[in-house]
Amino acid sequence: MATVASPKVYKNYINGEWVEGSGGKAIEDRNPANRDELVGMFPSSTEADVNLAVDAAKEAFKSWRLVPAPKRAEILYRTAEILVSRKEDYARDMTREMGKVLAETRGDVQEAIDMTYLMAGEGRRQFGQTTPSELPNKFAMAVRSPIGVAALVTPWNFPMAIPSWKIAPALVMGNTVVLKPAEDTPYSSYNFVQVLAEAGLPRGVVNIVNGTGPDAGAPLVHHRDTQLVSFTGSTEVGRIISEACAPTFKKCHLEMGGKNIIIVMDDANLDLALDGVLWGAFGTSGQRCTAASRVAVQKKVYREFTARLAERAKALRVGDGLDPETDMGPTINEQQLQTVIKYVEIGKNEGAKLTTGGHRLDSGAYSRGWFHEPTVFVDVDPNMRIAQEEIFGPVVSAIPFDTFEQALEIANGVVYGLSSSLYTRNVNNAFRALRDLETGIVYINAPTIGAETHLPFGGIKNTGNGHRESGLAALDFYSEWKSLYIDYSDKLQRAQIDNAE
Ligand code: NAD
């Protein structure tokens, strides 16, 4: 009888140790390109595990907040160095657990490297404000101060980058964290935290509790000792988290769904725009929060452009992301694939015209994975559900328009506001789009994806709640301003009263 190697069993990381979950249940981390491959087993944690992790983080906060920021940053710097040396291994691990092609998982690890270096630099740049006091012999300044335990809840589509966007700024600002990674992709978060531990992070400063949203995420968000909550995921769950934070006024950062658009004007470089739409729509199988799921094309070039788009989409090679020949990997799981299939049906019933794709791929080499054809709908009305709702799969809806003003109206006519893009050679329209597109990120002559870590990242409307990830903006979320007044006059000076004399 053939022997089967037992799957690797992973643990939670609490108070500097890898420990089993208390409930004894496990979650399978399977390869979406081949569900027979079990990448690992991770604990399905409960409230009891969350409590241990938050207790550890709360205790660690007492000393971590007092470690000088440049010293905290040195650990981040070492973390980034180790990540650089293991980039290829971690990219392969990530492709195995979530399916996107190697070039993209390398990019995901690179983003974690960039963010960690960036925040290492911030250890020596936590500038405050000094300002004259309105009273004599009095000194005034404002400094950033750490807040406490941060509860971090992350999605599966950027399984190392997104945890790093939250962990690195939280730590450099002196907070401690408990991370609840997505249940589909715990391995990449494990790899990131493993490196932080190796780089010398004191016990309890970072903790991971694996598990489902309701069993592990919810108790973490509700816990009375988590003062900060940062969540990236669907708008539906974001709303639940927002409500959970409201009664105790927790500082809560939400990054949620999108319905991003690329606008192609008839004066654009159409070859460039086509490359951009293919990358924006089908990168990560359309499962990026910034994915271009709408393309609005000016009527003069609409027929030509959409015909070429269908042709190019049809030619994309779908397969295992580890294969260098593959252009597009699988969707993450059966549920996500069913969502894509459901929206294809909705689009057809709404009267949109399917020009390529539209089917699940399940024969031959595809039979053990969750694959779907790259799919293009044309002649889509902007009010159709496929043009309004987030699909999160390899489906793009082409919408014709006459004027630039109409294009802006279509672009802004959705509840989301994450990313948008305009292809044009008209500088006036480019600047108007930069001003008038209602999204947190706008690109000119580049697709809707491709954010860099040193700029703020986030959305408006139903995509975000006013905070930003990345860049210096991240420091604002992970710290509180404290205003400090030092009176050296040796007498009572009353602001707004004595200075009027
Ligand atoms: P999801 O909302 O289903 O899950 C996200 C995380 O929340 C997971 O870790 C999950 O376990 C947890 N969760 C679920 N229910 C919870 C609850 N009741 N309490 C606490 N935690 C809970 O999202 P997903 O399917 O993992 O990711 C896809 C979504 O994420 C898409 O909508 C996408 O647009 C969005 N996303 C947004 C951004 C952004 O920056 N705006 C980035 C990436 C992904």
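All ligand and atom numbering here is 1-based and tracks the order in the structure. Keep in mind that the numbers below use all heavy atoms, side chains included, and drop hydrogens, waters and symmetry copies.
For ligand 1, the atoms lying closer than 4.0 Å to a non-hydrogen atom of Ala218 are 19 (N), 20 (C). Under a 4.0 Å criterion applied to the non-hydrogen atoms of Ala182, ligand 1 contributes the atoms 9 (O). Of all the atoms in ligand 1, the ones that sit under 4.0 Å from a non-hydrogen atom of Val153 are 6 (C), 7 (O), 9 (O), 12 (C), 21 (N). Near Ile162, with a cut-off below 4.0 Å to any heavy atom, the atoms of ligand 1 are 42 (C), 43 (C). The Leu418 neighbourhood of ligand 1 comprises atoms 41 (N), with distances under 4.0 Å to a heavy atom of that residue. Within the listing of ligand 1, atoms 6 (C), 8 (C), 9 (O) sit less than 4.0 angstrom from a heavy atom of Thr154. Those atoms of ligand 1 that come under 4.0 Å of a heavy atom in Thr232, given as number and element, are 5 (C), 36 (N), 37 (C), 38 (C), 39 (C), 40 (O), 42 (C), 43 (C), 44 (C). Of all atoms in ligand 1, listed by their number and element, those nearer than 4.0 Å to a heavy atom of Asn157 are 43 (C), 44 (C).
For Glu183, every heavy-atom contact with ligand 1 shorter than 4.0 Å involves the side chain, none the backbone. Proximity of Leu220 to ligand 1, defined as any heavy-atom pair under 4.0 Å, is not found for any part of the residue. The part of Glu390 lying near ligand 1 is the side chain, judged by heavy-atom distances below 4.0 Å.
The shortest contact between atom 27 (O) of ligand 1 and any protein heavy atom is with Pro155 CB, 3.4 Å. Looking at atom 23 (O) of ligand 1, its nearest protein heavy atom turns out to be Ser234 N, 3.4 Å. What sits closest to atom 22 (C) of ligand 1 on the protein, heavy atoms only, is Gly213 CA, 3.3 Å. The protein heavy-atom contact nearest to atom 41 (N) of ligand 1 is Met256 O, 2.8 Å. Looking at atom 35 (C) of ligand 1, its nearest protein heavy atom turns out to be Gly233 O, 3.2 Å.
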task = Please test Glu255 against Trp165 for side chain to side chain donor-acceptor pair (under 3.5 Å), starting from the C-alpha separation and ending with a verdict.
result = CA-CA 12 Å; Glu255 286 299 337; Trp165 294 358; over 6 Å; no
message = As a quick check of understanding, evaluate side chain to side chain donor-acceptor pair (under 3.5 Å) for Thr226 and Lys58, giving each step before the final call.
response = CA-CA 8 Å; Thr226 52; Lys58 187 181 175 189; over 6 Å; no
request  = With side chain to side chain donor-acceptor pair (under 3.5 Å) as the test, would you mind laying out the steps for Gln194 and Tyr190 before giving the verdict?
outcome  = CA-CA 6 Å; Gln194 168 91 38; Tyr190 164 91; 3.1 Å; yes
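An N or O contact shorter than 3.5 Å is missing between Val237 and ligand 1 by distance. Of the N or O atoms in Ile240, none lie within a sub-3.5 Å distance of an N or O in ligand 1. Residue contacts with ligand 1: Thr235 is placed with no nitrogen or oxygen under 3.5 Å of a nitrogen or oxygen of the ligand (distance criterion only).
Gln110 and Lys87 are linked by a side-chain donor-acceptor pair at a separation below 3.5 angstrom, with hydrogens and angles left out of the test.
Classification of Glu28 and Arg35 as a salt-bridged pair fails, no side-chain N sitting under 4.0 Å from a carboxylate O. Between Glu334 and Arg360 a salt bridge is recorded (basic side-chain N to carboxylate O distance below 4.0 Å).
Rounded to the nearest 0.5 Å, atoms OG (Ser44) and CD1 (Ile27) are 4.0 Å apart.
Between Asp476 and the options Arg468, Arg144, His467, a side-chain hydrogen bond (donor to acceptor under 3.5 Å, both in side chains) holds for only Arg144. Exactly one residue among Asn157, Thr105, Thr284, Asp108 makes a side-chain hydrogen bond (donor to acceptor under 3.5 Å, both in side chains) with Lys100. That residue is Asp108. The residue from Asn210, Asn12, Asp215 that alone fulfils the side-chain hydrogen bond (donor to acceptor under 3.5 Å, both in side chains) condition with Ser45 is Asn12. Of the options Val206, Asn207, Ile208, a side-chain contact (heavy atoms from CB on, under 4.5 Å) to Val177 is made by Val206 and by none of the others.
In this pair, Trp156 and Phe392 present their aromatic rings perpendicular. The plane angle is above 60°, beyond the 30 to 60° band.
Residue Val414 comes nearest to Arg294 through the heavy atom pair CG1-NH1, 3.4 Å, listed as atom of the first residue, atom of the second, then distance.
Scanning Cys289, Ala161, Pro219, Ala151 for the heavy atom closest to atom 36 (N) of ligand 1 points to Cys289. Scanning Trp156, Phe231, Phe158 for the heavy atom closest to atom 7 (O) of ligand 1 points to Phe231. In this comparison of Phe457, Trp165, Phe392, the heavy atom closest to atom 28 (C) of ligand 1 sits on Phe392.
Not a single protein heavy atom sits closer than 4.0 Å to atom 4 (O) of ligand 1.
Within a 6.0 Å sphere centred on CD of Gln335, heavy atoms belonging to other residues, nucleotides or ligands number 12 at most.
For the ligand labelled ligand 1, residue Gly459 lies outside the 4.0 Å heavy-atom shell.
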